[in-house]
Amino acid sequence: MKKNLIDLTKKKIFQLNINKINSKNIEFNNINIQEFDNGCRKIIINKDESQNSINSETISTFLLNKLEEYKKDNESKFIILCGDNTLPNNNSNSLINQYFINNFEKPIISFVNEITMGCGIGLSTHCSHRIVGDNATWSMPKNKNDAGTSYFLSRLGSVGFYLGMVRENIKSTDLIKTNIANNYIPNELFDKAISELCFNPMVNGKDEIDLIIRKYKKELIIDRESSHLVKYRDIIERSFNRKFKSVQEIINHLKNEILFDDIPHEKQWASHTLSILENSCPTSVSLSFENIQSFLYLNKNETFEKNWKNNSKFLY
């Protein structure tokens, strides 16, 4: 009874104060930032239609500077990242941003309910709270170097090799299954959760954030019908097993699957996967294979350092 009364009182106070919470808006190119009185800093990253390399470098620098500012600012309690989280992955600052987020001492909550690609993958993957909705799609761009996700992929075994090398799009069910996302909020509650985090005057840190997320999160049914990784689990395990020591060994195995596998949907998957590997940049595929293989034995910061060295070969 007492607990219910306290909860009801908190709810009423929240409803009374929601209109009193002010926000300050900052806009820079395709980034919009809203600063709320309760300490929430909401960063909305929208798609940059120009995809201009100089412009993307400037945007990444701006984002890095804001993160540094919020890290030092005692009034800034936590950050929300949302929008389509699409930033180009062709500049040096993108990896620095990911490193900074990974080592950020305050909560950073990523809300993904659209297609996320490029640097946006790395940004969302390294947040403390990674929330997806029904429309979330994780799309690693073809023929691009790893976007700072090698640490996670290396710990997913055969699935990690498959995602890193083939770069197949995966949706909410598989993002939850692999723990790339750690919470699911359905579409009808998605914006409500963001709104409460932005406007609730009682949010003071991780405990209150966790409480609000628990209020809105739901269990997601993960089965063969809803999950690409569950449906093709057996053939992924056979084809991208750690026993293979080279990309060519994986390609040879896929060719054997096409010849000898009697299960129609697995044969079709093998043919599709082989076609992707054979038509992708060989250097990119090989680098992904080597990264995932070696990063298993590195901690997060060591993976960033190695990624930086690898990317430098392509940037300069």
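Scope of the values below: all heavy atoms of this structure, side chains included, with no hydrogens, waters or symmetry mates. The chain is numbered in sequence order, starting from 1.
- Within the 3.5 Å criterion, the main-chain N or O of G133 finds a donor-acceptor partner in the side chain of S172.
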Yes or no on salt bridge (Lys or Arg N to Asp or Glu O under 4.0 Å) for R238 and E266, after CA distance, side-chain angles and deciding distance? CA-CA 11 Å; R238 295 196 303 269; E266 288 192 348; 2.9 Å; yes

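- Not counting sequence neighbours, the partners of F190 by the ring pair (Phe, Tyr, Trp, His ring centres under 6.0 Å) test are F111.
- Between L163 and L153, the shortest heavy-atom contact is CB-CD2, 4.0 Å.
- Taking CH2 of W269 as the reference point, atom CD1 of I258 lies at 10.0 Å (rounded to 0.5 Å).
- Side chain to side chain, N204 and E208 fail the donor-acceptor criterion of an N or O pair below 3.5 Å.
- Judged by distance alone, with hydrogens and angles left aside, the side-chain atoms of N279 form a donor-acceptor pair with the main-chain N or O of S275 at under 3.5 Å.
- Expressed to the nearest 0.5 Å, how far CZ of F161 lies from OG of S158 amounts to 8.0 Å.
- Partners of H265 according to the ring pair (Phe, Tyr, Trp, His ring centres under 6.0 Å) rule, which considers only residues two or more places apart in sequence or in another chain, are Y232.
- Across I251 and L277, no two heavy atoms sit closer than the pair CG1-CD1, 4.3 Å.
- When every heavy atom of N183 is checked against every heavy atom of K217, the shortest pair comes out as OD1-CD, 3.1 Å.
- Nearest heavy atom pair, residue R41 against residue E75, reads NH2-O, 3.5 Å.
- Within the 3.5 Å criterion, the main-chain N or O of V203 finds no donor-acceptor partner in the side chain of N38.
- Here the straight-line distance linking atom NE2 of H228 with atom NZ of K171 works out to 11.0 Å at 0.5 Å rounding.
- Residues F240 and I263 are members of separate hydrophobic clusters, defined by side-chain heavy-atom contacts under 4.5 angstrom among Ile, Leu, Val, Met, Phe, Trp and Tyr.
- Counting heavy atoms from C-beta outward, F104 and I79 have side chains that approach closer than 4.5 Å.
- Within 6.0 Å of the CD atom in E188, the count of heavy atoms belonging to other residues, nucleotides or ligands exceeds 12.
- Without hydrogens or angle criteria, S271 side chain to K267 main chain gives no donor-acceptor distance under 3.5 Å.
- Inter-residue side-chain proximity for V112 and L175 is flagged as unmet; no heavy-atom pair is nearer than 4.5 Å.
- Across S246 and F289, no two heavy atoms sit closer than the pair N-CZ, 3.5 Å.
- A donor atom on one side chain and an acceptor atom on the other are found under 3.5 Å apart for S226 and D223.
- For the pair K177/V159, no side-chain contact is recorded, criterion being any heavy-atom separation below 4.5 Å from C-beta on.
- Residues meeting the side-chain contact (heavy atoms from CB on, under 4.5 Å) test with N179, sequence neighbours left out: R130, N182.
- Annotation: L259, atom CG; neighbour count of heavy atoms from other residues, nucleotides and ligands within 6.0 Å is above 12.
- Donor-acceptor pairing under 3.5 Å is recorded for the side chains of N252 and Q248.
- Formation of a donor-acceptor pair under 3.5 Å by the S239 side chain with backbone atoms of I235 is found in this model.
- R155 forms a cation-pi arrangement with Y151, by the criterion of a distance under 6.0 Å to the ring centre and an angle within 45° of the ring axis.
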Determine, step by step, whether Y70 and I108 satisfy the side chain to side chain contact (heavy atoms under 4.5 Å, CB included) criterion, reporting the C-alpha distance in whole Å, the side-chain angles of both residues, the deciding distance to 0.1 Å, and the verdict. CA-CA 11 Å; Y70 294 148; I108 302 184; over 6 Å; no

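- The closest donor-acceptor contact from the side chain of K300 to the backbone of N102 lies at 3.5 Å or more, if one exists at all.
- Taken together through direct or relayed side-chain contacts under 4.5 Å among Ile, Leu, Val, Met, Phe, Trp and Tyr, V247 and L296 form parts of separate hydrophobic clusters.
- Side-chain contact between Y162 and L156 is absent, with no heavy-atom pair separated by less than 4.5 Å.
- Note that CG of D191 is 11.0 Å distant from OH of Y216, once rounded to the nearest 0.5 Å.
- Looking only at distances, no side-chain donor or acceptor of N32 sits under 3.5 Å from a matching main-chain atom of I44.
- Looking only at atom types and distance, the side chain of N241 has a donor-acceptor partner in the side chain of E237 under 3.5 Å away.
- E249 and H253 are not linked by any side-chain donor-acceptor pair at a separation below 3.5 angstrom, with hydrogens and angles left out of the test.
- Atom CG of residue L197 and atom NZ of residue K192 lie 14.5 Å apart, to the nearest 0.5 angstrom.
- Using a 4.5 Å cut-off on side-chain heavy atoms (C-beta onward), D37 and P201 make no contact.
- Within the 4.5 Å cutoff, side-chain heavy atoms of I80 are placed close to those of C198.
- K66 places no side-chain N or O within donor-acceptor distance of the main-chain N or O of I33, the cut-off being under 3.5 Å.
- N103 and H126 share no donor-acceptor pair across their side chains, judged by distance under 3.5 Å alone.
- Contact check for I180 versus I170: side-chain heavy atoms found under the 4.5 Å cut-off.
- Here the straight-line distance linking atom CD1 of I109 with atom CD1 of I131 works out to 6.0 Å at 0.5 Å rounding.
- Under the 4.5 Å side-chain criterion, counting only non-hydrogen atoms from C-beta, I26 is in contact with F62.
- Remark: Q268 CD is loosely packed, at most 12 non-hydrogen atoms of other residues, nucleotides or ligands lying under 6.0 Å away.
- Closest approach of S128 to P107, counting heavy atoms only: OG-CA, 3.5 Å.
- No donor-acceptor distance shorter than 3.5 angstrom exists from the side chain of N29 to the backbone of I31, with no hydrogens or angles considered.
- A donor-acceptor contact closer than 3.5 angstrom is absent between the side chains of S280 and R167.
- Looking at T137, its side chain never comes within 3.5 Å of a backbone N or O of N169 through a donor-acceptor pair.
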